[in-house]
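One structure is given below, encoded as C-alpha cells.
Here is how names work: the chains are called A, B, and so on, in the same order as the sequence lines, proteins then strands, and each is numbered from 1. Keep in mind that this is a model prediction, so the values were computed, not measured. What's counted below: heavy atoms across the whole structure, side chains too, no hydrogens, waters or symmetry copies.
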Number of protein chains: 2
Amino acid sequence: MSTYVLVAEDDRKQAELIRRYLAHDGYEVSVVHDGRTALGEATRRPPDLLVLDWMLPGLDGLEVCRRLRGASELPILMLTARSTEDDLLRGLDLGADDYMTKPFRPRELVARIRTLLRRSRHTAGPATVAAVPPAAPESPAVLTVGGLTVNAAQHQVFVHDRPVNCTPGEFRILSAMAASPERVFTRSQLLDCLTDHGRPVSERTVDVHILNLRKKIETSPRRPQHLLTVHGIGYKLASGDHGT
Amino acid sequence: MSTYVLVAEDDRKQAELIRRYLAHDGYEVSVVHDGRTALGEATRRPPDLLVLDWMLPGLDGLEVCRRLRGASELPILMLTARSTEDDLLRGLDLGADDYMTKPFRPRELVARIRTLLRRSRHTAGPATVAAVPPAAPESPAVLTVGGLTVNAAQHQVFVHDRPVNCTPGEFRILSAMAASPERVFTRSQLLDCLTDHGRPVSERTVDVHILNLRKKIETSPRRPQHLLTVHGIGYKLASGDHGT
DNA sequence: CGCAATTGTCAAGAAGTTGTCAGGGAAACC
DNA sequence: GGTTTCCCTGACAACTTCTTGACAATTGCG
C-alpha cells in the first residue's frame, strides 16, 4: 500500500523531473498535463497529495484547487513560476497547503511533500497508509551528530559548541547529511541539495564544497573524522566513533 | 495534541491568508464563511480560539460572539474593517478578548493569537477576562538582547541605555528579531512585520530598513555587532558573544 | 608494482547577494 | 492645505559564494 501522489504540470520536462524524484522516493506517481484531466483523475482516484502547477491549460491550477477543496481535505502543493507572480501570490489567496516557486531544488520539493503528508496523516483520521516514510525523516530544528550540531533556526553549525560559519551551499549539504548519519550520499544526491536543474552543474562541485566544509569543521582536514569519503560512491557523515 | 483555531471570515481571500499563516505556525485550522456555520462548528467541536469577522452573512460576528460568550470562556479575536472607537468598545463589551482592524499585518495577527492562547491557558480556571485592555503586547513589554533594549510600552529602543529613535517600520522589525535572538529571519518573514498584503512589496525593502537601523544602533555600521547578515538567508539579531 | 579511475586542492572568473544612496510619492501631522 | 516623516524603488557598488579546469595525490585492482 504505497502513497499515491498526483502531479499536474503541463511542462513535460518539469513533470518528468518531479515524477522521477517522487518515484525514487518510493511514492506511486501519476502525471497529468492539464487542469481538466487533473480534476477528473483526482476525483476518480483520490491521491494522498496533489502537486499542482499554477498555470495549466484548460482549467488553471487555482480553479482546480478551489474545486477540489470544496469537497475534500486533500493536501495540495502549488507550484508557480518565478518572480512576476512571486509577490503577487503572497497577497492573493491560494487555497493550497504549501507552495513553491520554480525553479526549485528537488530535495526541497520532496522534503516539503513529506511534511505535508505527515501533517495530513496526523489530522486526517483513519486515512490509509502505513507506508514507510522513505530515507530521511523531516529534519528537526536541531541535529547533533558526533560532536557536530546543525541548528536550522539559527542557520548555524557548531563543532563541540564552537560556532562555524557555513555558506548557504555548505549548510544545505551538511543539513542533508546530518539528517541521516552514516548514510552514504552520492554526489548527484548532494547536488540536488544545491541546485535547481536550471542548468547542468558538474558533480565535482560537490567535492569542492566538501573540501571547504572539511577545512571548517575538521581538526585535520586531511584525515577527516566527520565528512568521510566513500570511494567510488560519495560521502557520508560519521555518527561517532568507529575505528580511528 | 495541536491547538485548534476556528476562523470565521466571509472574504475567502482573507480567510485563506489567515489559514495559511496559522497553519504555518503549527495550528490546526478550520475555516467557515458565515455566522451560522461558525456557531454550529464552534459548538460541535469547541476550538481553543476563534477568529471572528465582524460582518458575516447570516448571523453577524457580534451576534455569534454574544451567543458563544454566554456559554463559554472561548477566547475570541475579532476582525473588522471599521475602526471607530465606538465599535471597538462595543466589540470588547460583547466579550471579544482582542480586536484587530483590517487590513492587518500577518505577523501581528499570529502574535496576538499566541498571546490570547497563552493567557487563556493560564487563566484556565474560572471566569476572568471581560475588560482586558486590547492591543495585547505581542511579547514581553521589555526585551534586552546584548546591550540592546526594546521597550514595547514606550515604543522606544535603547542601546546601552542611550535612547534611539526608530520609525514604526524599524521598530517592528527590531521587536520581532529581539523576541528571538540568534534566530535567522528571512526577508519574507521580516516583510510580514511591515506590510499587510495589500500590494506586493519588494523584499529588498527589508535591506533598506536594516541599513537604517544599523546606522542608528551600531557603533560601526560597516561591521555590525547586533544586526547580522546571514548571507543567502536573511538577518539575525546577535545575542552577545559567539563568533566574531 | 603499475595503471586507470577517483578524489583532493587551488585559484580565478562568473554568478548571485547585499550595501548604499537619493528621489518620488504616500501617509501622518499639524 | 502645507509640512514633515516615512517607505519603497531602482541603480550601482562592494562583497560572497559557486563553479570550473588543471594538476596532484590517492585508491583499487589486476
Side-chain angles (χ1 to χ4, degrees), chain A residues 82-83 86-87 90-91 101 103 105 155 157 164-174 184-188 190-218 220-224 226-236, chain B residues 83 101 103 105 155 164-174 184-188 190-218 220-224 226-236 243-244:
Chain A
R82 195 67 173 163
S83 63
D86 196 9
D87 287 307
R90 295 163 50 77
T101 56
R105 281 175 285 278
H155 213 268
V157 172
V164 172
N165 286 336
C166 290
T167 68
E170 288 162 9
F171 191 84
R172 287 196 206 105
I173 285 182
L174 214 46
V184 180
F185 291 82
T186 64
R187 275 163 244 275
S188 167
L190 293 175
L191 206 52
D192 286 345
C193 303
L194 296 176
T195 88
D196 57 74
H197 286 218
R199 78 174 134 148
V201 169
S202 158
E203 292 194 342
R204 295 307 312 284
T205 294
V206 172
D207 299 47
V208 179
H209 277 108
I210 294 287
L211 171 72
N212 294 143
L213 269 170
R214 280 176 176 159
K215 285 180 186 162
K216 293 180 181 178
I217 69 176
E218 300 285 2
S220 61
R222 314 296 295 273
R223 225 168 300 88
H226 297 106
L227 284 172
L228 308 187
T229 301
V230 181
H231 203 279
I233 312 290
Y235 300 93
K236 74 172 183 179
Chain B
S83 69
T101 58
R105 281 171 287 277
H155 210 268
V164 172
N165 285 337
C166 290
T167 69
E170 288 162 9
F171 190 83
R172 287 195 207 106
I173 285 182
L174 213 47
V184 179
F185 292 82
T186 64
R187 275 163 242 277
S188 168
L190 293 175
L191 207 52
D192 286 345
C193 303
L194 296 175
T195 91
D196 58 73
H197 285 201
R199 90 190 40 160
V201 170
S202 159
E203 293 193 342
R204 295 305 311 282
T205 295
V206 172
D207 299 42
V208 179
H209 277 105
I210 294 285
L211 172 71
N212 294 143
L213 269 170
R214 279 177 175 159
K215 284 180 186 163
K216 294 180 181 177
I217 70 177
E218 300 284 1
S220 62
R222 312 296 294 277
R223 224 168 301 86
H226 297 106
L227 284 172
L228 308 188
T229 300
V230 181
H231 204 283
I233 311 294
Y235 299 94
K236 74 174 182 179
T244 305

Seminar exercise, completed: Rounded to whole Å, the CG-P distance (B/L190 to D/dC8) equals 13 Å
For this session: Name the closest nucleotide to the A/V201 side chain, picking from D/dC8, D/dC18, D/dT20.
Result: D/dT20
For this session: May I ask you to say what B/Y235 touches in the nucleic acid, namely base, sugar-phosphate or nothing, with a heavy-atom cut-off under 4.0 Å?
Result: sugar-phosphate
For this session: For the pair B/H231 and A/T167, evaluate side-chain contact (heavy atoms from CB on, under 4.5 Å) and give the outcome as yes or no after the intermediate values.
Result: CA-CA 7 Å; B/H231 204 283; A/T167 68; over 6 Å; no
Exercise. Which one of A/P221, A/P224, A/C166 satisfies the side chain to side chain contact (heavy atoms under 4.5 Å, CB included) criterion with A/L213?
Worked result: A/C166
Problem set entry | N/O (side chain, B/R187) to phosphate O (OP1/OP2, C/dT18) under 4.0 Å | yes
Problem set entry | Side-chain N,O (A/T195) to OP1/OP2 (D/dC18) below 4.0 Å | no
For this session: Look up atom CG in B/D207 and atom CG in B/N212, then write down how far apart they are to the nearest 0.5 Å.
Result: 11.0 Å
Exercise. Taking CG from B/L174 and P from D/dC6, how many angstroms apart are they, rounded to a whole number?
Worked result: 15 Å
Seminar exercise, completed: What residues 206-215 of chain A contributes to the DNA chain C interface at heavy-atom separation below 4.0 Å is A/D207, A/V208, A/L211, A/R214, A/K215
Exercise. Could you walk me through whether B/L190 and B/L194 pass the side-chain contact (heavy atoms from CB on, under 4.5 Å) check?
Worked result: CA-CA 7 Å; B/L190 293 175; B/L194 296 175; 5.9 Å; no
Exercise. Nearest nucleotide by nearest heavy atom, which residue falls closer to the 5' end of DNA chain C, A/R199 or A/G232?
Worked result: A/G232
Exercise. Under 4.0 angstrom, heavy atoms only, what part of the nucleic acid is A/R222 near: base, sugar-phosphate, or nothing?
Worked result: sugar-phosphate
Exercise. So what does A/L191 touch, heavy atoms closer than 4.0 Å: a base, only the sugar-phosphate, or nothing?
Worked result: nothing
For this session: Check the pair B/I210 / B/R187 against side-chain contact (heavy atoms from CB on, under 4.5 Å), numbers first and verdict last.
Result: CA-CA 10 Å; B/I210 294 285; B/R187 275 163 242 277; over 6 Å; no
Exercise. Between D/dG28, C/dG19, C/dG8, which nucleotide has the shortest distance from any of its atoms to the side chain of A/H231?
Worked result: D/dG28
Exercise. OP1 or OP2 of D/dT5 less than 4.0 angstrom from a side-chain nitrogen or oxygen of B/T167, does that happen here?
Worked result: no
Exercise. Between A/H155 and B/T186, is a side-chain contact (heavy atoms from CB on, under 4.5 Å) present by the stated rule, with each step listed?
Worked result: CA-CA 11 Å; A/H155 213 268; B/T186 64; over 6 Å; no
Problem set entry | Given C/dT6, D/dC7, C/dG19, the nucleotide with the shortest approach to the side chain of B/T229 | C/dG19
Exercise. Base, sugar-phosphate, or nothing for A/S202, non-hydrogen atoms under 4.0 angstrom?
Worked result: sugar-phosphate
Problem set entry | Note, A/H197 side chain near A/P103 side chain (heavy atom, < 4.5 Å) | no
Problem set entry | Interatomic distance where CZ belongs to B/R204 and C1' belongs to D/dA14 [whole Å] | 12 Å
Exercise. When you match A/L194 and B/C166 each to their closest nucleotide on DNA chain D, which lands nearer the 5' end?
Worked result: B/C166
For this session: Measure from CD on B/E170 to P on D/dC7 and round the result to the nearest Å.
Result: 6 Å
Seminar exercise, completed: Whole-Å distance, B/H155 NE2 to D/dT5 C1', equals 14 Å
For this session: Nearest whole angstrom, please: distance from the P of C/dT9 to the CZ of A/R223.
Result: 11 Å
For this session: Please state how far atom CG in B/L227 lies from atom C1' in C/dT18, giving the value in whole angstrom units.
Result: 14 Å
Exercise. When rounded to the nearest 0.5 angstrom, what is the spacing between NE2 in B/H209 and OH in B/Y235?
Worked result: 12.0 Å
Exercise. Rounded to whole angstroms, how far apart are CD on B/E203 and C1' on D/dC7?
Worked result: 16 Å
